[in-house]
Chemist: 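Shown below is the structure under consideration.
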Amino acid sequence: MRRVKIVDALKSEDYGKEILVMGWVRTKRISKNVCFIALNDGSTINNLQIVVDVNPEFENILGKINTGASISALGNTVESMGSGQNAELHCLKLEVLGQANPDEYPLQPKRHSLEFLREIAHLRIRTNTFSAIFRIRHAMTFAIHKFFNDKGFCNVHSPIITGSDAEGAGEMFQVTTLDINNPPRTKDMKVDYSQDFFGKQTHLTVSGQLEGELAALALSEVYTFGPTFRAENSNTARHLAEFWMIEPEMAFYDINDNMDLAEEMLQYLVKYALDNCREDLDFLTKRRLDEQSQKPQNERDAMSLIERLEFIMNNKFERLTYTQAYEILKDSKHNQKGKFSYPVEKWGIDFQSEHERYLVEKHFQKPVILTDYPKEIKAFYMKQNDDGTTVRAMDVLFPQIGEIIGGSQREENYDKLLLRIKEMNIPEEEMWWFLETRKFGTVPHSGYGLGFERLMLFVTGMSNIRDVIPFPRTPKNAEF
RNA sequence: UCCUCCUUAGCUCAGUUGGUUAGAGCACCUGACUGUUAAUCAGGGGGUCCUUGGUUCAAGUCCAAGAGGGGGAGCCA
């Protein structure tokens, strides 16, 4: 007999049918004549209640079943006599697949701290919170591919090992097969990378953007969705050493087309979650409400998770330039009363988290897209404006998490790009292939990068990025 | 990397001005109970007080160093 998933068993109102289910025991409640087992198989946040008559036939088996054990149960679906669920399974045949010693199994039917669960990342997936998060993570992955596919974008696999260290997006992890205790040396005692696996020094990628641009200048509209690696010693709830990034890159798009796409994509993804992950979102909404009730009133969210997602879905993002944002911040009472740790008093400063949060959470109270930043604080490949001081950059700022997207229209003029590469001391000889796209059939084009885990933070309402990726990689931590 | 807080039972946490045998709730084990929803009730077992060193008649408590973790900042996605 074929196993029925619990998500389907719970949906069925065709009572009296004999079905087989398998899963992991969440709780067992036993009394003299009847035993209730809450069974979960990860197909839904909801458990199927297995009802077992306590008789000599089952007594021995029931003794082997504790929280965490895996079982298979054959029985008839019946309409529940108790409240709390519609269908339940009246058990006819019960089998233990794998026991879980209750003295050793760390998950109890009670609330655990997220910090404790991080230490048992191999088991935390079995909890309601994490199974909900990872079902949503899957749904978001799928929705991203669906969004771009429906628009005719081409998914491009950019390389994970890169031979260029000129991407400029952060510190990199080196990839080598040389013996680090005794590497070959050149005459001047430097490590001789010509003897390394690739015949040169290589690293894990920090961005697929440059390769994405190459593809866009052939396929028009492309996106990458892959892992990226940053060896920065960042210890925050918003940074990972290994994270997933979505990087669309579009030929013939200017910065306004770019912003339109970013806004449409974020709203599409939020709507997809609301339409397809409702039960998991309801659970996480309740979880966050419980968590918030521990906090003082003035630190609590103004909106619940679901309300916030609906708000994003239904409201246009605010668009303004860096200079306009600078004026708002400079003239704000907050600034004039000296309440910013970093006062806003000189055009050209890079905005701090506190400034971004003020704009998003206090001033506009909605997502904000900032454009046209001073060129000094942005990357070399961004298109320079005619004013000679700003570039066509755009950052999408979200409540709670700050910068969720960073992007720009790209500089398509060969001479301007080359000049900028020289000004910023980027090794020109390593960028020959990138420069050639501007030499042969260059076109206006744009793109952006979305940090997938930052999106996940927003959609799930979790507050630590280590809780929205199954096995987080952070400084001093590569367990599991 | 900087600032700050934390580390006591399997988990979440109390532990007073340093003072006898370190506590609670949940979990676990035993028993009771005809339908429970993190069931309930009664009883029981369970401790490297993060590590090392120091002060003291006496340290879970005070001091120093180290390790691990949380929150905030920087860098960014």
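Values reported hereafter were calculated over all heavy atoms of this structure, with side chains retained and with hydrogens, waters and symmetry mates removed. Keep in mind the model is a prediction, meaning the values are calculated, not measured. We name chains A, B, ... by the order of the sequence lines, and we start the count at 1 in each one.
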Chemist: My understanding is that a pair needs two contacts under 3.5 Å, Watson-Crick or G-U wobble. By that rule, which nucleotide pairs with B/rG25?
Modeler: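 When the pairing criteria are applied, B/rC11 turns out to be the nucleotide that pairs with B/rG25.
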Chemist: Looking only at atom C1', what distance separates B/rC3 and B/rA59, rounded to whole Å?
Modeler: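 My reading of the C1' atoms in B/rC3 and B/rA59 gives 29 Å.
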Chemist: Could you tell me whether the side chain of A/Met172 reaches within less than 4.5 Å of the side chain of A/Leu204, counting heavy atoms only?
Modeler: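 No. Closest side-chain heavy atoms not under 4.5 Å.
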Chemist: What integer number of Å spans the P atoms of B/rU56 and B/rA42?
Modeler: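 Going atom to atom, P in each nucleotide, I get 49 Å.
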Chemist: Near A/Phe142 CZ, under 6.0 Å, is it more than 12 heavy atoms from other residues, nucleotides or ligands?
Modeler: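 At most 12 heavy atoms, drawn from other residues, nucleotides or ligands, come within 6.0 Å of this atom.
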Chemist: For a quick check of understanding: with a heavy-atom distance under 4.0 Å over all strands, which category does A/Gln352 fall into, base, sugar-phosphate or nothing?
Modeler: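 Touches sugar-phosphate only.
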Chemist: Given the structure, check if the side chain of A/Glu88 and the base of B/rG35 hold any donor-acceptor pair shorter than 3.5 Å.
Modeler: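 Such a pair is found, so the answer is yes.
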Chemist: Between B/rU12 and B/rU30, how far apart are the C1' atoms? Round to whole Å, please.
Modeler: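 Approximately 25 Å lies between the C1' atom of B/rU30 and that of B/rU12.
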Chemist: Does any nucleotide pair with B/rA73 by Watson-Crick or G-U wobble geometry, both distances under 3.5 Å, and what is it?
Modeler: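 B/rU1 is the nucleotide pairing with B/rA73.
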Chemist: Any base atoms under 4.0 Å from A/Arg118, or only sugar-phosphate, or nothing? Heavy atoms, all strands.
Modeler: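 Result for A/Arg118 = sugar-phosphate.
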Chemist: Could you measure between the two C1' atoms, the one in B/rU4 and the one in B/rG45, and give it in whole Å?
Modeler: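 Nearest-Å result for B/rU4 against B/rG45 at atom C1': 40 Å.
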Chemist: If you measure from the P atom in B/rG23 to the same atom in B/rG69, how many Å do you get, rounded?
Modeler: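 The same atom, P, in both gives a distance of 32 Å.
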Chemist: How far does the C1' atom of B/rA73 sit from the matching atom of B/rU16, given to the nearest Å?
Modeler: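 Their C1' atoms lie roughly 36 Å apart.
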Chemist: With a 4.0 Å cut-off on heavy atoms, is A/His239 in touch with a base, just the backbone sugar-phosphate, or nothing at all?
Modeler: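 Base contact.
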Chemist: Across all strands shown, which nucleotide pairs with B/rU16 by Watson-Crick or G-U wobble geometry, both distances under 3.5 Å?
Modeler: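 Its partner: none found.
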Chemist: Is B/rU37 paired to anything, Watson-Crick or G-U wobble with both distances less than 3.5 Å, and if yes, which nucleotide?
Modeler: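 Result: none.
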Chemist: Any base atoms under 4.0 Å from A/Thr236, or only sugar-phosphate, or nothing? Heavy atoms, all strands.
Modeler: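 Base: the residue A/Thr236, judged by heavy atoms under 4.0 Å, touches a nucleobase.
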Chemist: Does atom NZ (A/Lys5) have a neighbourhood of more than 12 heavy atoms from anything else shown, all under 6.0 Å?
Modeler: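 Open: at most 12 neighbouring heavy atoms sit under 6.0 Å from NZ of A/Lys5.
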Chemist: Classify A/Asp103 by what it touches in the nucleic acid, base, sugar-phosphate, or nothing, heavy-atom distance under 4.0 Å.
Modeler: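 Contact class for A/Asp103: sugar-phosphate only.
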Chemist: Kindly point out which of B/rG74, B/rU12, B/rG72 is positioned nearest to the side chain of A/Ser113?
Modeler: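 Selected nucleotide: B/rU12.
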Chemist: For nucleotides B/rA38 and B/rG47, find the distance between their P atoms and express it as a whole number of Å.
Modeler: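 31 Å, rounded to whole Å.
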Chemist: Please identify which of these residues, A/Phe243, A/Trp244, A/Phe225, meets the ring-ring contact (aromatic ring centres under 6.0 Å, His included) condition with A/Phe452.
Modeler: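 Among A/Phe243, A/Trp244, A/Phe225, the one that satisfies the ring-ring contact (aromatic ring centres under 6.0 Å, His included) with A/Phe452 is A/Phe225.
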Chemist: Counting any heavy atom closer than 4.0 Å, what does A/Ile404 reach on the DNA or RNA strands: base, sugar-phosphate only, or nothing?
Modeler: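 Here A/Ile404 touches the backbone only, sparing every base.
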Chemist: When the C1' atoms of B/rC5 and B/rG44 are considered, how many whole Å apart are they?
Modeler: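 Approximately 38 Å lies between the C1' atom of B/rC5 and that of B/rG44.
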Chemist: May I ask you to check whether A/Tyr342 and A/His355 place their ring centers less than 6.0 Å from one another?
Modeler: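 Between A/His355 and A/Tyr342, which both carry aromatic rings, the centre distance is not below 6.0 Å.
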Chemist: Which distance, rounded to the nearest 0.5 Å, do you find between the CD of A/Gln409 and the NZ of A/Lys383?
Modeler: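 One gets 5.5 Å once the value is rounded to the nearest 0.5 Å.
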Chemist: Strictly under 3.5 Å: I want the nitrogen or oxygen pairs between protein and nucleotides 38-40 of chain B, one per line.
Modeler:
residue	atom	partner	partner atom	Å
B/rA38	N3	A/Pro109	O	3.4
B/rA39	OP2	A/Thr27	OG1	3.4
B/rA39	OP2	A/Arg29	NH1	2.4

Chemist: Name the closest nucleotide to the A/Asn464 side chain, picking from B/rG71, B/rU12, B/rA27.
Modeler: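 The closest nucleotide is B/rG71.
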Chemist: Remember a base hit wins even if backbone is also touched, and classify A/Phe116 as base, sugar-phosphate or nothing at under 4.0 Å, heavy atoms.
Modeler: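 Sugar-phosphate, no base atom in range.
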Chemist: Looking at A/Gln209, A/Glu411, A/Arg420, which hits side chain to side chain donor-acceptor pair (under 3.5 Å) with A/Tyr381?
Modeler: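 Per the side chain to side chain donor-acceptor pair (under 3.5 Å) rule, the option paired with A/Tyr381 is A/Gln209, out of A/Gln209, A/Glu411, A/Arg420.
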Chemist: Counting only Watson-Crick pairs (N1-N3 plus N6-O4 or O6-N4) and G-U wobbles (N1-O2, O6-N3), all under 3.5 Å, who is the partner of B/rA58?
Modeler: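 Its partner: none found.
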Chemist: Using purine N1 to pyrimidine N3 plus N6-O4 or O6-N4 for Watson-Crick, or N1-O2 and O6-N3 for G-U wobble, both under 3.5 Å, which nucleotide pairs with B/rA64?
Modeler: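 Result: B/rU52.
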Chemist: So do the side chains of A/Lys330 and A/Glu345 get within less than 4.5 Å of each other, counting heavy atoms only?
Modeler: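 Of all side-chain heavy-atom pairs linking A/Glu345 with A/Lys330, none is under 4.5 Å.
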